[in-house]
Engineer: 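Pasting a structure here, questions to come.
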Protein chains: 2
Amino acid sequence: MVQPKIRNMEEFAAVSGISRPTVSKYFNDPDSVRPSTRQKIEAALEQHDYRPNVFAMNQNRRKTKNIGVVVPNLADPFFSEIGRRVELACIDAGYSPILLSSHGIPEMESDNLESLRSLKPAGVLLAPFGRLSDKDAVQAFDRDFPLVLFDANMSDTGQAYFGTDNFQSIDLMVEYLCRSGEPPCFFEMKSPSNPNANKRHQAYVESMERHGQTPHIFQAEGEGWNFEEIGKVEGGRLLASNAFKTRTVLCSNDRLAIGMLSAAYALDLRVGHGPGCHLRIAGHDDHPFSRFTCPALTTIAQDYEAIANRAVRTLFEMLQVDERLPTRAEMLFEGRLVMRDSA
Amino acid sequence: MVQPKIRNMEEFAAVSGISRPTVSKYFNDPDSVRPSTRQKIEAALEQHDYRPNVFAMNQNRRKTKNIGVVVPNLADPFFSEIGRRVELACIDAGYSPILLSSHGIPEMESDNLESLRSLKPAGVLLAPFGRLSDKDAVQAFDRDFPLVLFDANMSDTGQAYFGTDNFQSIDLMVEYLCRSGEPPCFFEMKSPSNPNANKRHQAYVESMERHGQTPHIFQAEGEGWNFEEIGKVEGGRLLASNAFKTRTVLCSNDRLAIGMLSAAYALDLRVGHGPGCHLRIAGHDDHPFSRFTCPALTTIAQDYEAIANRAVRTLFEMLQVDERLPTRAEMLFEGRLVMRDSA
DNA sequence: ATTAAAAATTTACGCGCGTCAAGAATATCG
DNA sequence: CGATATTCTTGACGCGCGTAAATTTTTAAT
């Protein structure tokens, strides 16, 4: 630190007593040099805080140490949570995650992928919009870079996909609700953009039929990402007009449920499974705030940790062997029933 | 598009009929070339989707078009919301925002600044931890790059600071609460990391004294970012033991309030200002979920938009004239009282 | 048309590092 | 100890672009 500043790898190689090409090799992969020389370099590193110029590094390098992470909307706590875990996993692996949010705008997803192109990422983790994604753009990107999808699936796109088994999770919830009270109706967005919503719809119908019950679907008008507001307004209308044929409502996701809980409270309808309660409301996702709703929300916890870790791990395995997967991997993790007070 | 791919600026200059140095100039600043040549370049751009290599671009360039945006914790909806706005404002201005979260870990803030150094950012927008920030590291960074702080202030650090006037906003809330019912006590974290918390504490005391009332402070044990949980546990304990000397509680921030609302619900205490209500609870920040709590939370809305825009604008003004501000700018925006049902 | 100013071109160099080939040094093993 | 396999050094080239100086072309103004 006391020495005059090191300007480039040439100078750093000089003070560390190692040739520049070897130093270059070290920075690419510290394990690729002999332990004795690694020690010399690392000793020098502690004395002369030198760090290679990332721009010069990446210029000639085919693949950088950058990992793109693209989520549809960071303002949604679900994505900030799972994005957070993915980010940390990348850092642990010695990569530089670049977190990009599409701010709820599908077109921006393509923009983000386009921006990533110029950063020559070693790989990309994408939680796509799904139906609203530009499938051609994503598939084109998939051809040029190692791409792993998570949260939302897109057929024949990406080298792998990791998400929650909505059929298992919804069935788990339907089973619980049927066993413990009236069979649930289903509350969802009318035109959801996320493919999970469609799967959950289908899963609900199938599960209800398997239980010998008649499915009842209620759909909320509205576009965009304001799920709580939509749940509150549309759910409130349905509650006020007594439209539900049952006193148990399964919401397609927690954010809708949070809105509906708010509406129920305003209508003085006591939500829960205890005596004196008017209706039960359940959600899906174990949203970070679902523990603090009134009453606390019964929901399905997605295995964030497993999804994030497996997606990252799979990507890194591809990077190691430096080839595409022989066959598209697809793994669904089970949801876990979280019983709280609302249902 | 039909032509063979352009490999570099040399080839692109050839097909556009302009010399490479001029093309280079164009990409630095499209307005720096004659309109007629700009048209030629842009015409060529539409035919041969060429984009300059960012790494080669930034290698020799002193300042890049990168803007660093560092927030303490993206998992907090407050920061994901304000980070979102800052990001979009940067994109509008033709810069590339790089959003970094410190994941609630103060040491990671310094790491993030260190990472940013190697990206040679044109400027950085930082929402610091405050007391827990490594002040020396931040100030050192301030000397090397244009730095603007927002949300949390640090004395003599950064070229400018933009945030909310906690004294104004807390006074507004205290005034309202006193006028409409019992004077509030104050509920906060015992050892808050955020400087805003200290200001709010002080603002509460001063405001109460100005109103001729005796301030009462209640502090919650607990560390970390689990404010809702802390609010629920500690707030619940205080409510259950009837420790509050008043039936109006002003929480230092919405997340604590959300936790306390949850505890109150569990205790069957009706919150609100109407008849039959046991207590009033108010918050601060207009957290995205405060509209959907039960009851909806009365709070102070921070002017996210203004804070984000002014911070970004101030930074860009510095970049334009390419010099530090003659004097450290500091501007506080007023909070807005949002009256809902909880108080 | 003349002239000065502005902009574009030509030529050339350098940035910091990746990477390759050939040879020298070192390590590993029987 | 010698033979072979690793690893390192030396020297050199190139990546794609920024940028500077000198020259030529274009534009604007008289």
Side-chain angles (χ1 to χ4, degrees), chain A residues 4-45 48-66 96 117-122 319 322, chain B residues 4-45 48-66 96 117-122 319 322:
Chain A
K5 276 189 185 167
I6 306 289
R7 306 192 141 278
N8 53 35
M9 194 179 281
E10 193 86 44
E11 291 185 14
F12 176 75
V15 299
S16 62
I18 302 290
S19 72
R20 189 181 69 76
T22 304
V23 171
S24 171
K25 229 184 149 200
Y26 167 83
F27 280 111
N28 288 338
D29 177 9
D31 293 325
S32 68
V33 302
R34 200 186 300 152
S36 62
T37 68
R38 182 164 65 237
Q39 284 174 10
K40 285 188 199 171
I41 294 176
E42 280 164 359
L45 263 182
H48 313 255
D49 65 337
Y50 160 76
R51 291 173 55 182
N53 181 312
V54 282
F55 300 111
M57 269 184 76
N58 291 333
Q59 179 167 18
N60 303 317
R61 202 174 218 25
R62 305 178 180 180
K63 14 176 180 178
T64 66
K65 287 279 190 178
N66 298 329
S96 302
R117 277 180 185 277
S118 54
L119 296 179
K120 298 185 198 168
L319 300 185
D322 195 25
Chain B
K5 276 187 186 169
I6 307 289
R7 307 192 142 276
N8 53 37
M9 194 180 281
E10 191 85 46
E11 291 185 15
F12 176 75
V15 300
S16 61
I18 303 289
S19 73
R20 188 180 69 75
T22 304
V23 172
S24 171
K25 227 182 151 201
Y26 166 84
F27 280 111
N28 287 338
D29 177 9
D31 292 325
S32 68
V33 301
R34 201 186 299 152
S36 62
T37 69
R38 183 165 62 238
Q39 284 174 9
K40 284 188 198 170
I41 293 175
E42 280 163 0
L45 264 181
H48 313 256
D49 66 338
Y50 161 76
R51 292 172 56 182
N53 181 313
V54 281
F55 300 110
M57 269 184 78
N58 291 333
Q59 178 168 21
N60 305 317
R61 198 179 219 30
R62 305 178 183 181
K63 12 177 181 178
T64 65
K65 287 280 189 178
N66 298 330
S96 303
R117 276 179 186 278
S118 54
L119 295 179
K120 297 185 199 169
L319 300 185
D322 194 24

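Only a predicted model underlies this, so the values are computations on that prediction, with no experimental measurement involved.
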Engineer: Is any side-chain nitrogen or oxygen of A:S24 closer than 4.0 Å to OP1 or OP2 of C:dG18?
Structural biologist: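 Affirmative; the distance criterion is met.
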
Engineer: Rounding to an integer number of Å, can you tell me how far A:N8 CG sits from C:dG14 P?
Structural biologist: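 So the CG-P distance, A:N8 to C:dG14, works out to 14 Å.
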
Engineer: For B:N28 and B:R61, test the side chains for any donor-to-acceptor distance below 3.5 angstrom and give the result as yes or no.
Structural biologist: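 B:N28 vs B:R61: donor-acceptor pair found between side chains.
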
Engineer: Nearest 0.5 Å, please: how far is CD1 in A:I41 from CZ in A:F12?
Structural biologist: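 It comes to 6.5 Å.
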
Engineer: B:R34 CZ to D:dT25 P: how many Å, rounded?
Structural biologist: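 Distance, rounded to whole Å: 13 Å.
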
Engineer: Would you kindly compare B:S36 and B:A56 by the position of their nearest DNA chain C nucleotide and give the one closer to the 5′ end?
Structural biologist: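 The 5'-side residue here is B:S36.
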
Engineer: Please state how far atom CZ in B:F12 lies from atom P in D:dG18, giving the value in whole angstrom units.
Structural biologist: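 Interatomic distance, CZ of B:F12 to P of D:dG18: 13 Å.
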
Engineer: When the distance from CZ of A:R7 to P of C:dC17 is rounded to whole Å, what number comes out?
Structural biologist: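 Spelled out: CZ on A:R7 to P on C:dC17 is 12 Å.
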
Engineer: Return the value, rounded to whole Å, for the distance between atom CZ of A:F55 and atom P of C:dC15.
Structural biologist: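 Atom-to-atom, A:F55 to C:dC15, this comes out as 17 Å.
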
Engineer: Among the nucleotides C:dT11, C:dC17, D:dC8, which one has an atom lying closest to any side-chain atom of A:M57?
Structural biologist: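 That would be C:dC17.
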
Engineer: Over all heavy atoms of both residues, which pair between A:N58 and A:K120 is shortest? Give the atoms and the distance, please.
Structural biologist: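 Heavy atoms only, the tightest pair is O-NZ, 3.3 Å.
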
Engineer: Between B:T22 and A:N58, which is nearer to the 5' end of DNA chain C once each is assigned its nearest nucleotide?
Structural biologist: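 Its nucleotide being nearer the 5' end, the pick is B:T22.
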
Engineer: Ignoring hydrogens and geometry beyond distance, is the side chain of B:Q59 in donor-acceptor contact with the base of D:dG16 at under 3.5 Å?
Structural biologist: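 Pair found.
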
Engineer: Measure from the side chain of B:R61, starting at C-beta and using heavy atoms only, and say which of D:dG16, D:dT19, D:dC8 lies closest.
Structural biologist: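 Side chain of B:R61 sits closest to D:dT19.
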
Engineer: Using whole Å, what does the distance between atom P of nucleotide C:dC15 and atom CG of B:N53 come to?
Structural biologist: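 In whole Å, C:dC15 P and B:N53 CG are 19 Å from each other.
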
Engineer: Give one of base, sugar-phosphate or nothing for A:P52, where a contact means two heavy atoms less than 4.0 Å apart.
Structural biologist: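 The residue A:P52 makes sugar-phosphate contact but no base contact.
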
Engineer: Look at the side-chain N and O atoms of B:N28 and state whether any lies under 4.0 Å from the OP1 or OP2 oxygen of D:dG18.
Structural biologist: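 True: B:N28 side-chain N/O within range (under 4.0 Å) of D:dG18 OP1/OP2.
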
Engineer: Should the ring pair A:F55 and B:F55 be called parallel, tilted or perpendicular, given that the plane angle runs from 0 to 90° and is split at 30 and 60?
Structural biologist: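 Geometry flag for B:F55 against A:F55: tilted rings.
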
Engineer: Is there a side-chain contact between A:Y26 and A:T22 (heavy atoms, below 4.5 Å)?
Structural biologist: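 The answer is no, as the side chains (C-beta and beyond) never meet within the 4.5 Å cut-off.
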
Engineer: Do B:N60 and D:dC17 share a donor-acceptor pair, side chain to base, under 3.5 Å?
Structural biologist: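 For B:N60, whose side chain was compared with the base of D:dC17, there is a donor-acceptor pair (under 3.5 Å).
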
Engineer: Using a 4.0 Å heavy-atom cut-off, does A:T37 contact any base of the nucleic acid, only the sugar-phosphate backbone, or nothing at all?
Structural biologist: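 Sugar-phosphate contact only.
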
Engineer: If you go through the side-chain atoms of B:R20, does one of them form a donor-acceptor pair with the base of D:dG18 closer than 3.5 Å?
Structural biologist: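 Such a pair is found, so the answer is yes.
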
Engineer: Side-chain N or O of B:Y26 versus OP1/OP2 of D:dG18: is the shortest distance under 4.0 Å?
Structural biologist: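 False: B:Y26 side-chain N/O out of range (4.0 Å or more) of D:dG18 OP1/OP2.
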
Engineer: Just to be sure I understand the rule, does B:Y50 reach a base, reach only the sugar-phosphate, or reach nothing, if contact means heavy atoms closer than 4.0 Å?
Structural biologist: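 Answer is sugar-phosphate: B:Y50 comes under 4.0 Å of backbone atoms only.
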
